[in-house]
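Structure first, commentary second.
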Amino acid sequence: MEAVSKQKEESIKSETTTMSGSDAIIQSLIDEGVDYIFGYPGGANMPMYDSLHQMGEDKIKHILARHEQGAIHSAQGYARSSGKTGVVFATSGPGATNIITGIADAYLDSTPLVCITGQVNASLLGSDAFQETDITGVTSPVTKWNYQLTKEDEILEILAKAFYIAGSGRPGPVLIDISKDIQFKDVEYAFEKCSYVKSYIALPEPETEEIKEAAKAINNAKKPMIIYGQGVILSGAEKELKELVEKADIPAANTLLGISALETDHPNAVGMVGMHGNYAPNLKTNECDVLIAIGMRFDDRITGDLNQYAKQANIIHFDIDKSEFHKNIKANIAVLGDAKETLRATLKLIEKNNHESWKQEFADLEAIEKKEIWDEILHPTEGDITMAEVVRKVSELTNNEAIVVTDVGQHQMFACRYSKFKNTKSFISSGGLGTMGFGLPAAIGAKLGAPEKTVVSFSGDGGFQMTMQELGIIMEYGINVKVIILNNGFLGMVRQWQDLFFDKRYASTPMQSPDFGKITEAYGIEYKKVTERSNLVDTLKEMLDHDGSFVLEVKVKEELNVFPMIPGGAPVTDVRLK
């Protein structure tokens, strides 16, 4: 109770003034410290836009997307690069339904968003009015919380609660649906920041016994292995992860979204696990005696066949979300709490250790992978350009310090495997939902969230065409994003599966593309196309040195597959090098 009282006392409250509901919404966002709103106006949210125009333009920048899906993916990129909560505006009906893909994406990837949708007048709800959709009902399964506002005196409380829920604990998307009529009604405005919600425990109290058991198991391990996910980044536990890795001398592998929590060149970093992960950590998952999972959820792309996953290992699972424990993989020790806090407590009990011979086993397997795969795709001297060599050269030219944003497909796997990273929050991609079209708008948001960073977006020719209208944002606001289209003339990842499992029956995967140069130039953006390896490095340098946005199309090898690969549903030991 003392903690609850303290939280209430720390709430920030302003003096009371009278204003319209729409003014109160905008003033709440200003008082919450919102920098950007990504959105699209319409009939049901027009009052909010009018208030933003009159009172907030010098305090909050509105980014007008060309489609609501572009708006929400931009908000996701902003949230992921800045660590702040992204804000999205959409109108009722199709405006609201157009953001559902992004909401689902943010839900699976634990991205904090507050989505504010306009709705028809409260008196019309349930009447099938023009552009009426039950958006709270539709989004209930893919939001951390949602609420329909039909009473003006609830606006302040609900918006404050929305920001608290979205950004605290395990982050996620929140949707607030606001009927149009209450946007005109008077509200007594007094800002009060929310720091407590009854029955919602954002940060569970760590349990001392589980931490002691975890430390004991780690100290006694002969072949320990860490798999860390995005939970490390979300909790700001990168320092604690690194200290654990170094003090106990443990090989550490990452999930897709865990990339950049630990620098790629760290001597204990052993690569990525999962379907297109590295050879060594996938094989060693089924050989380690203690498996330490930190801020990851054991999804199917990581585990493969659950019945043959790490059966020999004593599994320790650190997570802030109790529902993740034993959901897919039964943990022997479940450590509940914020990763930064639980790792700090565990580190106090960890003994200095050395696992050189165990780490050497990883190094030996890595050498096999490099011999079988890397030289051919990273350093080819003839034939078509490969996606992998483009990715690696960009990494080298940016000193491994760029924020890399990807769409979804083969290029995504090449980007996460062959980019290198020095800094956290440097890899942004759609993980759980695997949303094509994510890359370009997310890169725009990422640049706004980290303006001091070079942001490079990798897209395939398929994914790029899903949201390429968002080049309009770059044109209008002059956002400096480097966009690389890796064009292989296919929906590459689907084609790879057709190649391997459907006897090369390429059903609807060859793709014709428009002239990307003409489209890009129509938006007033610099464009180049590379078809020859001899021009690649110089053109990449030109792109990176250019003062402004740049779209570079690279014609790459058409039928190149991403390996290693674990077939869907196979055990992690069935990792194929070719």
Side-chain angles (χ1 to χ4, degrees), residues 1-7 10 83 85 107-112 144-145 164-172 194-219 221 224-248 250 252-255 257-258 261-262 290-299 302 313-351 424-425:
M1 288 298 293
E2 289 180 4
V4 171
S5 298
K6 186 178 180 182
Q7 285 179 323
E10 289 175 348
T85 297
Y107 184 73
L108 286 171
D109 287 353
S110 301
T111 303
K144 189 175 176 184
W145 181 62
Y164 176 61
I165 292 174
S168 62
R170 180 180 182 174
C194 180
S195 58
Y196 167 75
V197 174
K198 187 178 179 180
S199 78
Y200 168 62
I201 301 173
L203 295 175
E205 196 71 31
E207 296 178 352
T208 305
E209 286 306 311
E210 279 70 18
I211 289 171
K212 287 180 179 178
E213 288 182 34
K216 182 179 179 181
I218 294 169
N219 288 335
M225 176 177 165
I226 290 172
I227 301 177
Y228 60 92
Q230 189 187 204
V232 172
I233 297 172
L234 294 173
S235 69
E238 297 92 340
K239 178 177 176 289
E240 288 73 17
L241 170 67
K242 187 174 182 179
E243 188 176 342
L244 175 62
V245 165
E246 293 177 349
K247 189 174 184 180
I250 304 175
N254 56 263
T255 66
L257 296 187
L262 185 69
V290 175
L291 180 61
I292 307 145
I294 307 172
M296 54 86 74
R297 58 191 178 88
F298 290 113
D299 70 279
I302 298 295
N314 187 6
I315 296 177
I316 305 169
H317 193 177
F318 289 82
D319 209 286
I320 197 170
D321 186 349
K322 191 173 184 179
S323 71
E324 292 297 345
F325 293 144
H326 320 303
K327 184 175 76 175
N328 296 322
I329 295 294
K330 183 172 176 57
N332 302 94
I333 304 169
V335 183
L336 180 64
D338 178 72
K340 190 177 187 70
E341 189 176 350
T342 54
L343 286 180
R344 276 181 177 174
T346 305
L347 278 164
K348 294 176 182 178
L349 306 174
I350 293 296
E351 299 166 0
T424 188
K425 297 188 182 76

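Only this structure's heavy atoms are used, side chains among them; waters, hydrogens and symmetry mates stay out.
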- For residues Tyr200 and Trp145, determine if any side-chain heavy atom of one lies less than 4.5 Å from a side-chain heavy atom of the other. no
- Of all heavy-atom pairs linking Ala261 and Ile233, the shortest is CB-CG1, 3.7 Å
- Item | Check: Leu234 and Ser110 side chains under 4.5 Å, non-hydrogen atoms | yes
- Task: Quick one: pull up NE2 in His326 and CZ in Phe298 and give me the separation to the nearest 0.5 Å.
- Result: 11.0 Å
- Task: For the pair Leu347 and Glu240, evaluate side chain to side chain contact (heavy atoms under 4.5 Å, CB included) and give the outcome as yes or no after the intermediate values.
- Result: CA-CA 8 Å; Leu347 278 164; Glu240 288 73 17; 4.1 Å; yes
- Atom pair CD1 (Ile201) and OH (Tyr196), whose distance is rounded to the nearest 0.5 Å: 9.0 Å
- Distance-minimising heavy-atom pair for Asn254 and Gly258: CB-C, 4.1 Å
- Considering the options Leu291, Ile315, Ile302, which one meets the side chain to side chain contact (heavy atoms under 4.5 Å, CB included) requirement together with Ile329? Ile315
- Task: Begin from the C-alpha positions of Ile218 and Ile250 and carry the test side chain to side chain contact (heavy atoms under 4.5 Å, CB included) through to its verdict.
- Result: CA-CA 9 Å; Ile218 294 169; Ile250 304 175; 3.9 Å; yes
- Distance col, row Ile320:CD1 vs Glu341:CD, nearest 0.5 angstrom, shows 9.0 Å
- Message: Quick one, Arg344 and Lys348 - any side-chain contact, counting heavy atoms below 4.5 Å?
- Response: no
- Exam field: side chain Lys144 to backbone Ile165, donor-acceptor pair closer than 3.5 Å: yes
- Note on the structure: When every non-hydrogen atom of Ser195 is compared with those of Tyr164, the smallest separation belongs to O-OH, 3.4 Å
- Nearest non-hydrogen partners of Leu203 and Asp338, listed with the distance: CD2-CB, 4.0 Å
- Item | Pairwise distance CE(Met225) to CD1(Ile292) - rounded to 0.5 angstrom | 10.0 Å
- When every non-hydrogen atom of Arg170 is compared with those of Asp321, the smallest separation belongs to NH1-OD2, 2.8 Å
- Item | Side-chain heavy-atom pair Lys212, Leu349 within 4.5 angstrom cut-off | yes
- Note on the structure: Between Ala221 and Val290 the two heavy atoms that sit nearest each other are CB-CG2, 3.5 Å
- Item | Enclosure of Lys247 NZ (heavy-atom neighbours >12, cutoff 6.0 Å) | yes
- Task: Check whether any side-chain heavy atom of Asn328 sits under 4.5 Å from a side-chain heavy atom of Arg297, and report yes or no.
- Result: no
- Item | Inter-residue atom distance Met296.CE - Ile227.CD1, 0.5 Å rounding | 5.0 Å
- Query: If we ignore angles and hydrogens, is there a donor and acceptor under 3.5 Å between the side chains of Asp109 and Thr111?
  - Reply: no
- Distance in Å, Ile294 CD1 paired with Leu343 CG, rounded so as to fall on 0.5 Å steps: 5.0 Å
